[in-house]
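Below is one structure, written out as structure tokens; the observations come after it.
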Amino acid sequence: VATYSGLAYAYCRANRVSEALQLLTDMKAAGLQPNVVTYNMVIDGCGKAGEMDTALELVEKMRGEGTEPSVVTYNILMAGFGKAGRMTDAERLFDQMEQAKCAPNTVTHNSYIHGLCKFASLEAAFAHMEQARQKDFVPDAVTYTIFLDALSKAGKMDTAFQMFQEMRKGSHVPNVFTYNVLITGFSKAGKLEEACKLFQDMEKAGCAQNQITYNITAGALVKAGKIDLAMEMFEDMKRKGCSPNTVTYNTLIDGLGKEDRVDKALLLFQEMWKTGCAPDTVTYNALIHGLSRAGQVKKALQVFAGMKQQGCSPDVITYNCLINGLGKVGDLTEAYRLLGEMKRKGFTPDAFTYSAIISSIGTRGNADEAYGYYEEMKARGGVPDVFVYAALVNKLAKAGDLDRAHEVFQEMKSNGCEPT
RNA sequence: CAACCUACCUUUGAAGA
């Protein structure tokens with residue numbers, strides 16, 4: 001049983017859920033009965049793959065075989081519902097647990113709180129915490145980190161930092177996750193000083209920075225336009241024995257592209273292969289974006305071709321970057337070709353795509369064409385946003401079609417888009 | 001006796017000034 005369980009776990013970690021499911025069948029065929037732990041590992045694999053329905057079926061199957069779910073089983077479901085935004089189902093789990101006489105633990109509450117932060121509100125999450133506290137829930141470092149993350153993502157860094165202080169006043173020791181969350185928050189809020197200060201504080205606190213800490217901090221430097229410092233951080237990271245990963249490279253390639261240093265970005269891209277960091281869709285997108293904004297559309301298309309050749313799938317963002325770049329240099333033929341290609345491949349052009357297309361249409365006399373794309377977008381179920389409206393109004397106005405421009409402008413407002 | 005569950009990082013935008 002242990003052997004099978006281990007293998008099932010490995011499959012799940014590798015995102016190969018179907019093989020793990022097959023393994024359960026094989027086990028039974030071999031006369032072995034999977035236990036809760038085996039099931040939990042596979043159920044978790046399903047949950048992480050977003051297959052909550054399969055996960056639920058497995059729980060039923062397990063029950064049918066006379067094995068009752070454990071707290072961990074419920075926790076797995078709680079986390080899965082939380083990630084999928086199925087908060088009603090998550091709430092119902094507490095009732096089911098009560099019926100099964102299975103007491104929720106810290107992990108159960110933390111997972112639920114995380115879901116609430118993401119899909120309901122911070123207030124709802126706080127309320128749950130207070131309520132659970134009346135029973136026997138004691139918030140831990142993870143609980144704090146979840147709240148700190150939510151506050152950081154909402155840009156409420158003052159509150160976050162206050163909570164961080166409270167946390168330390170209590171007996172909770174901030175860990176790498178805690179610091180990482182806060183550094184991200186400060187970086188997003190444009191507070192580079194504070195972000196860097198926390199990075200340094202970690203050492204004093206005896207909390208070792210990890211790969212993610214470096215990635216976040218390098219990203220913070222990139223965002224602040226300090227690409228050279230970000231590159232230094234990259235060297236520092238390696239010196240300290242912390243290996244860069246694909247995200248590290250992606251961050252830097254993006255930063256270099258935005259500072260108009262695509263040449264250096266290309267060098268890093270080459271380096272990735274040597275270091276065993278496989279470029280992914282994000283890598284290619286960042287690179288293609290950098291090349292496009294530098295006006296090097298030819299090169300961008302070459303990279304795009306290479307991407308496909310490597311078996312890395314383009315996504316909507318890839319196409320958007322290319323279409324945008326092509327539009328800017330006036331290569332409409334190629335831009336339209338790519339628009340067609342993306343549709344053919346089953347991608348849904350979004351507001352980014354249409355705003356790029358509409359803006360790229362020549363200035364003279366093509367108001368109808370621009371308007372046509374706007375209608376196409378709506379017909380395909382797309383929701384135009386400010387950028388699409390702005391591009392369209394602009395185009396119509398420049399073509400002298402003031403009546404229609406005004407009409408679209410009104411439509412925009414009635415669709416809840418405020419002019420900027 | 002052990003194996004399973006919760007929190008953190010990267011990519012796409014028009015005009016104008």
Side-chain angles (χ1 to χ4, degrees), chain A residues 1-2 5-6 8-9 12 35-45 47-48 70-80 82 105-115 117 140-150 152 175-185 187 210-220 222 245-255 257 280-290 292-293 315-325 350-356 358-360 385-395 397-398 420:
Chain A
V1 178
S5 301
Y9 184 60
C12 291
N35 62 19
V36 219
V37 176
T38 319
Y39 268 109
N40 284 346
M41 295 190 298
V42 183
I43 294 169
D44 186 42
K48 295 234 160 75
S70 66
V71 217
V72 174
T73 318
Y74 287 108
N75 290 347
I76 289 166
L77 295 178
M78 188 63 88
N105 63 16
T106 314
V107 176
T108 324
H109 289 296
N110 285 344
S111 301
Y112 185 58
I113 289 172
H114 186 219
C117 282
D140 63 359
V142 176
T143 321
Y144 275 101
T145 305
I146 291 169
F147 278 115
L148 290 174
D149 181 42
S152 295
N175 59 25
V176 214
F177 283 74
T178 321
Y179 282 103
N180 287 349
V181 157
L182 287 172
I183 296 175
T184 308
S187 160
N210 63 14
Q211 193 181 51
I212 296 187
T213 318
Y214 279 103
N215 290 350
I216 294 168
T217 313
V222 162
N245 64 4
T246 302
V247 174
T248 320
Y249 281 101
N250 292 351
T251 305
L252 295 169
I253 288 174
D254 172 53
D280 62 6
T281 305
V282 175
T283 317
Y284 283 104
N285 289 351
L287 197 55
I288 288 171
H289 176 241
S292 291
R293 39 168 283 136
D315 62 7
V316 185
I317 298 182
T318 319
Y319 284 100
N320 288 350
C321 291
L322 286 167
I323 291 173
N324 200 31
D350 61 10
F352 284 80
T353 323
Y354 284 104
S355 84
I358 293 174
S359 327
S360 72
D385 66 2
V386 222
F387 292 96
V388 175
Y389 282 116
L392 183 57
V393 169
N394 227 287
K395 205 57 51 178
K398 280 204 180 127
T420 52

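Here the structure is a predicted model, which means the values were calculated and not measured. Letters A, B, ... mirror the listed sequences (proteins, then strands); counts begin at 1.
Taking Thr143(A) as the reference, Asn110(A), Asp140(A) meet the side-chain hydrogen bond (donor to acceptor under 3.5 Å, both in side chains) condition, with sequence neighbours excluded. Asp385(A) pairs by the side-chain hydrogen bond (donor to acceptor under 3.5 Å, both in side chains) definition with nothing, not counting sequence neighbours. Contacts of Tyr74(A) classified as ring-ring contact (aromatic ring centres under 6.0 Å, His included), with partners at least two apart in sequence or in another chain: none. Judged as a side-chain hydrogen bond (donor to acceptor under 3.5 Å, both in side chains), and not counting sequence neighbours, the contacts of Asp149(A) are Lys153(A). Not counting sequence neighbours, the partners of Asp44(A) by the side chain to side chain contact (heavy atoms under 4.5 Å, CB included) test are Lys48(A), Ile76(A). Every residue was checked against the ring-ring contact (aromatic ring centres under 6.0 Å, His included) condition with His289(A), not counting sequence neighbours, and none meets it. With sequence neighbours left out, the ring-ring contact (aromatic ring centres under 6.0 Å, His included) criterion links Tyr389(A) to Tyr374(A). Listed by chain and residue number, Glu376(A) satisfy the side-chain hydrogen bond (donor to acceptor under 3.5 Å, both in side chains) test with Tyr354(A) (two or more places apart in sequence, or in another chain). Ala391(A) pairs by the side chain to side chain contact (heavy atoms under 4.5 Å, CB included) definition with Ile358(A), Ser359(A), not counting sequence neighbours.
Contacts of Val37(A) with the nucleic acid, taken as non-hydrogen atoms under 4.0 Å apart, include base atoms. Residue Val388(A) is in base contact, counting any heavy-atom pair closer than 4.0 Å across all strands shown. As judged by a 4.0 angstrom heavy-atom cut-off over every strand, Ala351(A) is placed among the base-contacting residues. Heavy atoms of Ala390(A) sit under 4.0 angstrom from at least one base atom. Using a 4.0 Å heavy-atom distance criterion, Thr251(A) is classed as a sugar-phosphate-only contact. Within the 4.0 angstrom heavy-atom criterion, only backbone atoms of the sugar-phosphate kind lie near Ile146(A); the bases stay farther away. Within 4.0 Å (heavy atoms only), Asp280(A) reaches no atom of the nucleic acid at all. Residue contacts for Asp315(A): at a heavy-atom cut-off of 4.0 Å it reaches no nucleic acid atom on any strand shown.
The shortest distance between side-chain heavy atoms of Ile288(A) and Ile317(A) does not fall below 4.5 Å.
Looking at the side chain of Val247(A), the nearest of the listed nucleotides A14(B), U12(B), U10(B) is U10(B). Across G13(B), C4(B), U10(B), the shortest atom-to-atom separation from the side chain of Met41(A) is found for C4(B). Closest to the side chain of Asp44(A), from the set U11(B), C5(B), U10(B), is C5(B). Residue Asn35(A) has its side chain nearest to A3(B) when only U12(B), C9(B), A3(B) are considered. The nucleotide whose nearest atom lies closest to any side-chain atom of Phe177(A) is, among C8(B), U11(B), C4(B), C8(B). In this structure, of A7(B), C8(B), G13(B), it is G13(B) that holds the atom nearest to the side chain of Asn324(A). Ranking C8(B), G13(B), C4(B) by closeness to the Thr184(A) side chain, first place goes to C8(B). Set against G13(B), C9(B), U10(B), the side chain of Ile216(A) has C9(B) as its closest nucleotide. The side chain of Lys48(A) sits closest to U6(B) out of U6(B), C9(B), G13(B).
There is no side-chain donor-acceptor pair under 3.5 Å between Asn75(A) and Asn40(A). Donor-acceptor pairing under 3.5 Å is lacking for the side chains of Asp254(A) and Thr251(A). Ser187(A) and Thr184(A) share no side-chain donor-acceptor pair at under 3.5 Å.
Look at OH on Tyr112(A): it is 17 Å from P on A7(B), rounded to the nearest Å. Taking atom CD1 of residue Ile358(A) and atom C1' of nucleotide A14(B), one finds them 10 Å apart after rounding to whole Å. Rounded to whole Å, atom P of C5(B) lies 16 Å from atom CG of Asp140(A). With rounding to whole Å, Asn180(A) atom CG is found 5 Å from C8(B) atom C1'. The distance from atom CG of Asn250(A) to atom C1' of C9(B) is 11 Å, rounded to the nearest whole Å. Summarising the geometry, the separation between CG on Asn245(A) and C1' on C8(B) is reported as 13 Å, rounded to the nearest angstrom. Spacing between atom CG of Asn105(A) and atom P of C4(B) amounts to 15 Å, rounded to whole angstrom units. Atom CD1 in Ile183(A) sits about 19 Å away from atom P in A7(B), given to the nearest Å.
In this model, a side-chain donor or acceptor of Asn175(A) finds a partner on the base of A7(B) within 3.5 Å. In terms of polar N and O atoms assigned as donor or acceptor, the side chain of Asn320(A) never comes within less than 3.5 Å of the base of G13(B) in a complementary pairing.
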Identify the pairs formed between an N or O of the protein and an N or O of nucleotides 15-17 of chain B at a distance under 3.5 Å, and give each distance.
unit_1, atom_1, unit_2, atom_2, d
A15(B), O2', Asn394(A), ND2, 3.4

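Residues from residues 70-78 of chain A that place a heavy atom under 4.0 Å from any atom of RNA chain B, listed by number: Val72(A), Asn75(A), Ile76(A).
Screening Asn320(A), Val282(A), Asn285(A) for a side-chain contact (heavy atoms from CB on, under 4.5 Å) involving Asp315(A) leaves a single residue, Asn285(A).
Looking at RNA chain B, no stem turns up: there is no run of 3 or more consecutive Watson-Crick or G-U wobble pairs with key distances under 3.5 Å.
Stacking of the aromatic ring of Phe387(A) onto the base of A14(B) is not found under the criterion of centres within 5.5 Å and planes under 30°.
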